[in-house]
Amino acid sequence: MYNATVARLTYRGLLGRRRAFILFGLPALLIAVSVVIRILVGADDGTAGSVLGGFALATMVPLIGVVAGTGAIGPEIDDGSVVYLLSKPVKRPTIIFTKLVVAIAVTVVFSAVPTLIAGFVLNGNSQQIAVAYAVAAAVASVAYSAVFLLMGTLTRHAVVAGLVYALVWESLFGSLVPGARTLSVQQWSLALAQRIGAEGAVSSDVGLPTALVLLAGVTVAATWFAGQKLRSLTLAGEE
């Protein structure tokens with residue numbers, strides 16, 4: 001189910017110059033902001049939760065997910081080079097699974113790891129806040145990667161669609177509108193963070209069992225549909 005050659009080509013494409021600016025820029029900004037806040041405010045659990053929840057989890061993680069998820073396959077479909085990949089004796093599910101693994105790895109490294117570092121900078125992991133939000137970022141990275149990988153197979157405007165989803169639904173509605181929170185990857189990952197953190201340190205509008213089922217369901221469904229879409233691209237090319 002994993003092809004090293006496909007993975008290497010995908011990593012090379014994701015870590016190119018244009019995407020590297022966002023992949024490195026957002027984590028650097030988070031850590032820089034955290035350092036400034038720690039110097040000016042000192043160690044404060046409430047401030048740490050606001051920064052990690054409001055900026056890291058609600059904004060940085062989905063944006064990096066957009067870059068990694070759509071970038072794992074979208075450009076190949078746009079420029080037609082996917083035809084060359086599909087002509088090789090590699091099963092379609094293997095291609096999708098390999099690209100998903102790469103997207104998840106990139107998203108976790110550039111979101112969960114900086115979130116953990118920022119958490120330690122902000123309050124030294126008091127009340128397990130740094131670890132809780134880092135785990136939430138890692139779990140959210142899996143679902144976001146699958147969703148945005150699917151978008152990359154569905155439309156040539158996957159980046160735009162992903163940004164609308166990340167900034168409007170997750171960052172705005174997912175944070176402010178009560179009814180929309182139950183359908184937010186952010187809130188599902190917060191349910192796990194709530195279990196890890198000290199009592200009252202992190203809150204979520206979704207129960208942990210429900211959140212885990214939804215996270216797994218969305219990830220599996222998005223991956224399966226992406227595989228089906230790739231299969232249809234093959235058939236269209238043969239016709």
Looking at Asn3, is its backbone amide N or carbonyl O close enough to the side chain of Thr98 to form a donor-acceptor pair, meaning the two atoms are under 3.5 Å apart? yes
Considering non-hydrogen atoms only, spot the tightest contact between Ala211 and Val206 and give its length. N-CG1, 3.8 Å
Would you name the heavy atoms of Pro62 and Ala166 that are closest together and state the gap between them? CB-CB, 3.7 Å
Backbone N/O of Ile196 and side chain of Gln128: donor-acceptor pair under 3.5 Å: no
Check for me, please, whether Val220 and Val142 land in the same ILVMFWY cluster - side-chain distances under 4.5 Å, paths through other members count. no
4.5 Å side-chain heavy-atom contact, Leu9 and Arg12: yes
Heavy-atom side-chain contact between Leu116 and Asn125 under 4.5 Å: no
Looking only at the aromatic ring of each residue, does the gap between the centers of Tyr2 and Phe97 stay below 6.0 angstrom? no
Of all heavy-atom pairs between Ala193 and Ala136, which one has the smallest distance, and what is that distance? CB-CB, 3.9 Å
CZ of Phe225 to CG of Leu150: how many Å apart, nearest 0.5 Å? 8.0 Å
For Ala72, does its backbone N or O pair with a side-chain atom of Lys99 as donor and acceptor, under 3.5 Å? yes
Is Leu208 linked to Val218 within one hydrophobic cluster, defined over Ile, Leu, Val, Met, Phe, Trp and Tyr using a side-chain heavy-atom separation of less than 4.5 Å? yes
Separation between CG of Leu100 and CE of Met1, rounded to the nearest 0.5 Å: 9.5 Å
Shortest non-hydrogen contact from Ser34 to Ala118? OG-CB, 3.3 Å
Just verifying a value: how many Å separate Lys91 NZ and Ile96 CD1, rounded to the nearest 0.5 Å? 15.0 Å
Taken to the nearest 0.5 Å, the spacing of Leu63 CG from Leu23 CG works out to 11.0 Å
Quick check for you: to the nearest 0.5 Å, what is the distance between Ile104 atom CD1 and Thr219 atom OG1? 7.0 Å
Which of Leu57, Leu52, Thr59 passes side-chain contact (heavy atoms from CB on, under 4.5 Å) with Phe55? Answer is Thr59
ILVMFWY cluster, Phe120 and Val36 together (side-chain gap under 4.5 Å): yes
So Leu163 and Val159, do their side chains get closer than 4.5 Å, heavy atoms only? yes
Minimal non-hydrogen separation, Val108 against Ser141, with atom names: CG2-CB, 3.7 Å
Main-chain N/O of Asp45 paired to Asn123 side chain as donor or acceptor, under 3.5 Å: no
Under 4.5 Å between side-chain heavy atoms, counting indirect links through other Ile/Leu/Val/Met/Phe/Trp/Tyr residues: same cluster for Leu30 and Val131 or not? yes
Start with the C-alpha distance between Val90 and Thr5, add both sets of side-chain angles, then the distance that settles side chain to side chain contact (heavy atoms under 4.5 Å, CB included), and finish with yes or no. CA-CA 10 Å; Val90 182; Thr5 301; over 6 Å; no
Hey, are the side chains of Val106 and Tyr11 touching, using non-hydrogen atoms and a 4.5 Å cut-off? yes
At what distance, to the nearest 0.5 angstrom, does NZ of Lys229 lie from CE of Met151? 14.5 Å
Do Thr223 and Leu149 have side chains that approach each other closer than 4.5 Å (heavy atoms only, starting at C-beta)? no
If you apply the rule side chain to side chain contact (heavy atoms under 4.5 Å, CB included), what do you find for Tyr133 with Val51, and how did you get there? CA-CA 10 Å; Tyr133 277 103; Val51 173; over 6 Å; no
One pair to check against side chain to side chain contact (heavy atoms under 4.5 Å, CB included): Val61 and Tyr144. What are the steps and the verdict? CA-CA 8 Å; Val61 179; Tyr144 283 135; 3.8 Å; yes
Are the side chains of Ile64 and Pro27 in contact, using a 4.5 Å heavy-atom criterion? yes
Should Ile37 and Leu29 be regarded as members of a common hydrophobic cluster, given that ILVMFWY residues are connected when their side-chain heavy atoms come within less than 4.5 Å of each other, either directly or indirectly? yes
Donor-acceptor under 3.5 Å (Arg92 side chain, Leu230 main chain): no
Does Ser145 use its side chain to pair, donor to acceptor, with the backbone of Gly69 at less than 3.5 Å? no
